[in-house]
Amino acid sequence: MSSLTLDAEALYRDLLKAMPLLLTSYSSAPQLVGIASGGVWLAERLQHDLKLAGKIGVLSSSMHRDDFAKRGLAASSQTLLPFDVNGAHLVLVDDVLHTGRTLRAVINELFDYGRPASIKLVVLVDRGGRDLPVQPDIAIARVALPASQSLALVRADDGQFTFHVQDK
């Protein structure tokens, strides 16, 4: 186990403060889309705390993973987009950005549903180590972890967030 300590609730509060500037940069209201599963939890809470209208979207990376043969079908949420993707401004929300492969998979999934006008990415933690040339528009924290460790957001029954660092 790692001795890394991240205060997920403090990072969430910083994300909540940063979101209004991003959201007002659009000509029309953007749609929040959470990446399963930590990104969905964050998007749900942001939607509520920012008092945004409509419903969030959910994107699963399961069907477009480039390591599908090794990982198989994950037991994560299924994609659900309760709005028309065509011409929409979307804000993808995720807990941790690492290699960029999950992001590539969810963008492929997203384009199966249509062609958005724009896509922005916000994450709580950017841990570097990119395999693909993607960067978040907002990253609240940047941390370095060995590739042998994973970092995941955990949501307690009361809705509070923590991070869990685990050896792979």
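If you take OG1 on Thr102 and CD1 on Ile107, they are separated by 11.0 Å, rounding to the nearest 0.5 Å. The structure places CD1 of Ile140 at 5.0 Å from CG of Leu15, a figure rounded to the nearest 0.5 Å. Taken to the nearest 0.5 Å, the CZ atom of Phe161 stands 12.5 Å off from the CG atom of Asp7. Within the model, atoms CD of Gln47 and CG of Leu52 stand 4.5 Å from one another, a figure rounded to the nearest 0.5 Å. With rounding to the nearest 0.5 angstrom, the CD atom of Gln166 is 5.0 Å from the OG atom of Ser150.
Heavy atoms only, all atoms of each residue included: Pro136 and Leu97 are closest at CD-CD2, 3.5 Å. Residues Leu110 and Pro116 come closest through the heavy atom pair CD2-CG, 4.1 Å. Nearest heavy atom pair, residue Leu42 against residue Asp95, reads CD1-CA, 3.7 Å. Scanning both residues, Leu11 and Ala141, for their nearest heavy atoms gives CD2-CB, 3.8 Å. Summarising the geometry of Arg45 relative to Gly159, their closest heavy-atom pair is NH1-O, 3.3 Å, with the distance given to 0.1 Å.
Atom CG of Asp158 has more than 12 heavy atoms from other residues, nucleotides or ligands within 6.0 Å. In this structure, Lys17 places its NZ atom where only 12 or fewer heavy-atom neighbours from other residues, nucleotides or ligands lie under 6.0 Å away.
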Identify all side-chain donor-acceptor contacts of residues 119-130 below 3.5 Å with residues at least two apart in sequence or on another chain.
{"from": "Asp126", "atom 1": "OD1", "to": "Gly128", "atom 2": "N", "distance (Å)": "2.8"}
{"from": "Asp126", "atom 1": "OD1", "to": "Arg130", "atom 2": "NH1", "distance (Å)": "3.1"}
{"from": "Asp126", "atom 1": "OD1", "to": "Arg130", "atom 2": "NH2", "distance (Å)": "2.8"}
{"from": "Asp126", "atom 1": "OD2", "to": "Arg130", "atom 2": "NH2", "distance (Å)": "2.8"}
{"from": "Asp126", "atom 1": "OD2", "to": "Arg142", "atom 2": "NH1", "distance (Å)": "2.6"}
{"from": "Arg127", "atom 1": "NH1", "to": "Gln149", "atom 2": "O", "distance (Å)": "2.8"}
{"from": "Arg127", "atom 1": "NH2", "to": "Leu145", "atom 2": "O", "distance (Å)": "3.4"}
{"from": "Arg127", "atom 1": "NH2", "to": "Pro146", "atom 2": "O", "distance (Å)": "2.9"}
{"from": "Arg127", "atom 1": "NH2", "to": "Gln149", "atom 2": "O", "distance (Å)": "3.2"}
{"from": "Arg130", "atom 1": "NE", "to": "Val134", "atom 2": "O", "distance (Å)": "2.8"}
{"from": "Arg130", "atom 1": "NH1", "to": "His98", "atom 2": "O", "distance (Å)": "2.7"}
{"from": "Arg130", "atom 1": "NH1", "to": "Gly128", "atom 2": "O", "distance (Å)": "3.4"}

Could you list the donor-acceptor pairs under 3.5 angstrom formed between side-chain atoms of residues 23-33 and any protein atom two or more places apart in sequence or on another chain?
{"from": "Thr24", "atom 1": "OG1", "to": "Pro20", "atom 2": "O", "distance (Å)": "2.9"}
{"from": "Thr24", "atom 1": "OG1", "to": "Leu21", "atom 2": "O", "distance (Å)": "3.2"}
{"from": "Ser25", "atom 1": "OG", "to": "Leu22", "atom 2": "O", "distance (Å)": "2.6"}

Residues 80-87, side-chain donor-acceptor partners within the protein, below 3.5 Å, at least two apart:
{"from": "Asp84", "atom 1": "OD1", "to": "Asn86", "atom 2": "N", "distance (Å)": "3.1"}
{"from": "Asp84", "atom 1": "OD1", "to": "Asn86", "atom 2": "ND2", "distance (Å)": "3.3"}
{"from": "Asn86", "atom 1": "OD1", "to": "Arg115", "atom 2": "N", "distance (Å)": "2.8"}

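Put simply, the side chain of Phe163 does not reach to within 4.5 Å of the side chain of Val154, judged on heavy atoms. No side-chain heavy atom of Asp94 sits less than 4.5 Å from a side-chain heavy atom of Leu103. Within the 4.5 Å cutoff, the side chain of Ser118 has heavy atoms near those of the His89 side chain. For the pair Met19 and Leu50, the minimum side-chain heavy-atom distance is below 4.5 Å. When side chains are defined from C-beta on, Val93 does not count as touching Ile56, because their heavy atoms never get closer than 4.5 Å.
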*Is there a side chain to side chain contact (heavy atoms under 4.5 Å, CB included) between Val58 and Gln78 once you walk through the steps?*
CA-CA 7 Å; Val58 175; Gln78 296 300 308; over 6 Å; no

*Given side chain to side chain contact (heavy atoms under 4.5 Å, CB included), test Leu151 with His164 step by step and report yes or no.*
CA-CA 6 Å; Leu151 176 65; His164 181 72; over 6 Å; no

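If you check the side chains of Thr79 and Glu109, you find a donor sitting under 3.5 Å from an acceptor.
A salt bridge is defined here as a Lys NZ or Arg NE, NH1 or NH2 lying under 4.0 Å from an Asp or Glu carboxylate O, and Arg155 with Glu9 fails to meet this definition.
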